[in-house]
Enquirer: 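Pasting a structure here, questions to come.
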Number of protein chains: 2
Amino acid sequence: MTTIRDVAARAGVSVATVSRVLNGSGYVGKDTEIRVKKAIQELNYRPNTVARSLANRKTGTIAVILPDIMNPFFSELARAVEDTARDGGFTVIFCNSDDLGTREQHYIEVLRQKYIDGIIFASNSMGEDDIVYMNENRIPIVVLDRAPGKSGCTVIRSQNAAGAVMAVRHLMETGCRKIAHIAGPGELITAQERLRGYRKAVKGFTWFDESLIVPGHFSIRGGERAVSGLLERHPDVDGIFAGNDLMAIGALKALQRMGRKIPRDISLCGFDGVEMSEWTEPELTTIAQPIYEMGRKAATHLIARIRGKAVKEDILELDVRLVERNSTRRRKN
Amino acid sequence: MTTIRDVAARAGVSVATVSRVLNGSGYVGKDTEIRVKKAIQELNYRPNTVARSLANRKTGTIAVILPDIMNPFFSELARAVEDTARDGGFTVIFCNSDDLGTREQHYIEVLRQKYIDGIIFASNSMGEDDIVYMNENRIPIVVLDRAPGKSGCTVIRSQNAAGAVMAVRHLMETGCRKIAHIAGPGELITAQERLRGYRKAVKGFTWFDESLIVPGHFSIRGGERAVSGLLERHPDVDGIFAGNDLMAIGALKALQRMGRKIPRDISLCGFDGVEMSEWTEPELTTIAQPIYEMGRKAATHLIARIRGKAVKEDILELDVRLVERNSTRRRKN
DNA sequence: GTGAAAGCGCTAACAC
DNA sequence: GTGTTAGCGCTTTCAC
């Protein structure tokens, strides 16, 4: 293991000088710089990041806490975060919380001890007090999908309610007369907002009934389960807006097994726009969030904060868009 | 930020003693231990992991280098690794290589500088020399899906060739008379082995022809593309063995769009057993690898090596199994 | 049993 | 411009 001292010796200078050329800080004579670089080259010297971190309290590492990397939404998000982090010279640690509070606490503690430079919270049960804790410890954070909070941190969200309205409107415009909603878990703000959008869009229609809202789990199984009960109560449902794509895919499967043709008998619209929504047959109409973009923005903002750039502690609300595919009927022109 | 010195002061002992109780190393009087613990408690002291790492050259961090976290095979693998690492008190960094050699080199260098404790290589273009390099730097590694190598490191693999044979046999047993293979990229050992298995299984059958082997890309698109050319050349194909599940799903989509009924007209068998293979309609028959298990084993072995346990530098070859679902016809009993 | 002190490898005042 | 040196916070000999 060659150290900065070895390089200094070989170049006939002090460690301070080597450190200077390494970091491009302070003044270094042109010729000495060359000597040092040569020595570095010859010794194939690589600075020890840990020592560096200890000295200047920066680890060049950020973390992303998410419910489950196997969920395609989060793997796309993670991918975006890593790509962006890499470009910025950062490395990323990932943590699967399964939305377990205890696990999140565990990670927060471990990451703090590791002098992590910043954290992206995409895990939903992350509480207000956690944010306060991070602030106290001066660890920059970016939070996804949270209510416009008071606490000082960037929040990245998308237009869940507006998207839900778009979904329902689209279903109506393509001929649906009775539209159900498979809702995500009530604790999650995204689920709440999408439900709110659904309610807003169906308000006033005589066919609407509370029992058209069925609870799901933001998972394939959740969508599958929701469907059977729904069709028993409302055999005449001809449109379903699922709270996310996984549930929509589950619903699609279940409906197909029950012999319903999609979209002939029932139209189906998801939410999220995960890549997988193109892989079903028929491909899924969905309200797409700019997932990769969200991850990129989250990482960019976090890094800006880490670098001490004055970032207004703001809410970034990204647009969603309707992606018309074949699980809903074509608009009549 | 409270340090070990603060704790020492408060407990009226030296930092060495505090360190001892922290690590449970050396002798510490029962009563002093209690005093120290009390001080730790009261100050809510948490040791600084970076300083610790510098002192003892262990970071408690491992890395996993994989092609793309968005690929469901790798996200399941990553999940397994993280779960296992967490249990062992480790934290995990993930790196998307896109199978780019330059990117892999970059990561290897960065990770080395970070004093990472060990690396799991699931990125396929990782070369023999990289392994040698890691050995030289005494960084324990575990490699996935590589040929039984000479170099000293654990290799985790599954029975690709045998699995391919199972796939083809299954297709034949369920009535297929002409079976094609959509192969993965030739550089990848897994693709090579599965192709070898296919060849072995179809050898001697008069219907076999080299043009029944079509190249794909281990991606959905790869499967989609492969199908059209194949059916032009061989309209009478009635069975397809795809080199992985993604390609099988792509093939399924393409076939369904072309109006072919699966499995009535054509049977389809994939490889990998990613969770997603249950999400299609019909659900995919596939040769399942124990993906989670592979990740778990990889992490377990790596950690054992890190801890200096004498691990025989061995090859772990895991079993695959046929998962019969509805993209192939039922066996006639 | 416990403490003093020398590192681990690097950065950043401060002095020259 | 360059060198000296005191940390960063912890571990670990080696004395006592």
Side-chain angles (χ1 to χ4, degrees), chain A residues 1-40 43-61 89 110 112-117 137-138 308, chain B residues 1-37 39-40 43-61 89 109-110 112-117 137-138 308:
Chain A
M1 163 107 283
T2 98
T3 78
I4 197 173
R5 237 171 288 275
D6 301 325
V7 177
R10 175 151 197 140
V13 298
S14 74
V15 294
T17 303
V18 178
S19 176
R20 287 192 192 99
V21 348
L22 241 31
N23 300 291
S25 58
Y27 299 82
V28 182
K30 197 63 201 158
D31 44 335
T32 36
E33 173 170 358
I34 293 176
R35 285 219 311 293
V36 170
K37 285 195 167 155
K38 186 151 154 287
I40 289 178
L43 295 170
N44 187 32
Y45 165 73
R46 296 277 177 274
N48 176 329
T49 318
V50 178
R52 214 172 233 186
S53 301
L54 184 58
N56 62 16
R57 333 184 122 247
K58 294 245 154 292
T59 54
T61 305
V110 169
R112 183 170 82 80
Q113 288 182 224
K114 289 213 172 191
Y115 266 60
I116 234 66
D117 288 342
N137 285 278
R138 322 196 130 258
Chain B
M1 162 109 281
T2 98
T3 78
I4 197 174
R5 235 170 290 276
D6 302 325
V7 177
R10 175 152 197 137
V13 299
S14 75
V15 294
T17 302
V18 177
S19 176
R20 287 193 191 98
V21 346
L22 242 31
N23 300 290
S25 59
Y27 299 80
V28 182
K30 198 61 200 158
D31 43 333
T32 37
E33 173 169 358
I34 293 176
R35 282 219 314 291
V36 170
K37 286 196 167 155
I40 290 179
L43 294 169
N44 187 30
Y45 165 73
R46 296 276 176 275
N48 176 330
T49 317
V50 177
R52 214 173 230 186
S53 301
L54 183 59
N56 62 17
R57 331 185 123 247
K58 294 245 156 292
T59 54
T61 306
E109 209 38 54
V110 170
R112 185 170 80 79
Q113 288 181 223
K114 288 213 172 192
Y115 267 61
I116 233 68
D117 289 340
N137 285 278
R138 322 193 132 262

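By convention in this document, chain letters (A, B, ...) are assigned in the order of the sequence lines, proteins followed by strands, and residues within each chain are numbered from 1.
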Enquirer: Of all the choices, C:dT2, D:dC8, C:dG7, which nucleotide is nearest to the side chain of A:Ala55 once you look at every atom?
Expert: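 That would be D:dC8.
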
Enquirer: When you measure from the side chain of B:Asn56, which nucleotide among D:dG3, D:dT12, C:dC10 comes out closest?
Expert: D:dT12

Enquirer: Going by heavy atoms in the side chains, are A:Tyr115 and B:Asn48 under 4.5 Å from each other?
Expert: yes

Enquirer: On the nucleotide D:dT12, are OP1 or OP2 found under 4.0 Å from the side-chain N or O atoms that B:Arg20 carries?
Expert: no

Enquirer: Is any side-chain N or O of A:Thr17 closer than 4.0 Å to OP1 or OP2 of D:dG3?
Expert: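 Yes, within the criterion.
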
Enquirer: Would one find a side-chain N or O of B:Tyr45 under 4.0 angstrom from OP1 or OP2 of D:dC10?
Expert: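 Answer is yes, contact under 4.0 Å.
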
Enquirer: So, is B:Ser14 close to the C:dA4 phosphate, meaning a side-chain N or O under 4.0 Å from OP1 or OP2?
Expert: no

Enquirer: With the side chain of A:Tyr27 defined as its heavy atoms from C-beta on, choose the nearest nucleotide among D:dT2, D:dG9, D:dG7.
Expert: D:dT2

Enquirer: Does C:dT2 have its OP1 or OP2 closer than 4.0 Å to a side-chain nitrogen or oxygen of B:Thr32?
Expert: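 So the side-chain polar atoms of B:Thr32 do come within 4.0 Å of the phosphate oxygens OP1 or OP2 of C:dT2, strictly under.
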
Enquirer: Among C:dG9, D:dT11, D:dG9, which nucleotide sits nearest the side chain of B:Asn23?
Expert: D:dT11

Enquirer: Can you identify which nucleotide, out of C:dT2, C:dG3, D:dG9, has its nearest atom closest to the B:Ala16 side chain?
Expert: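 Nucleotide nearest to B:Ala16's side chain: C:dG3.
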
Enquirer: Respond yes when some side-chain nitrogen or oxygen of B:Arg52 is under 4.0 Å from OP1 or OP2 of C:dC8, and no when none is.
Expert: no

Enquirer: Any side-chain donor-acceptor pair under 3.5 Å between A:Thr61 and A:Asp117?
Expert: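 No.
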
Enquirer: Counting only heavy atoms not in A:Lys58, do more than 12 fall under 6.0 Å of its NZ?
Expert: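 Yes.
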
Enquirer: Which nucleotide in the list D:dC10, C:dG3, C:dG9 gets nearest to the side chain of B:Leu54?
Expert: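 Output: C:dG9.
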
Enquirer: Just checking B:Val13: base, sugar-phosphate only, or nothing, at a heavy-atom cut-off of under 4.0 Å?
Expert: sugar-phosphate

Enquirer: For a quick test of reading the model, state the closest non-hydrogen atom pair linking B:Gln113 to A:Thr49 and the distance between them.
Expert: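 Here B:Gln113 and A:Thr49 meet closest at O-OG1, 2.9 Å.
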
Enquirer: Report the residue (A:Gly12 or A:Arg57) whose heavy-atom-nearest nucleotide on DNA chain D is the more 5′ of the two.
Expert: A:Gly12

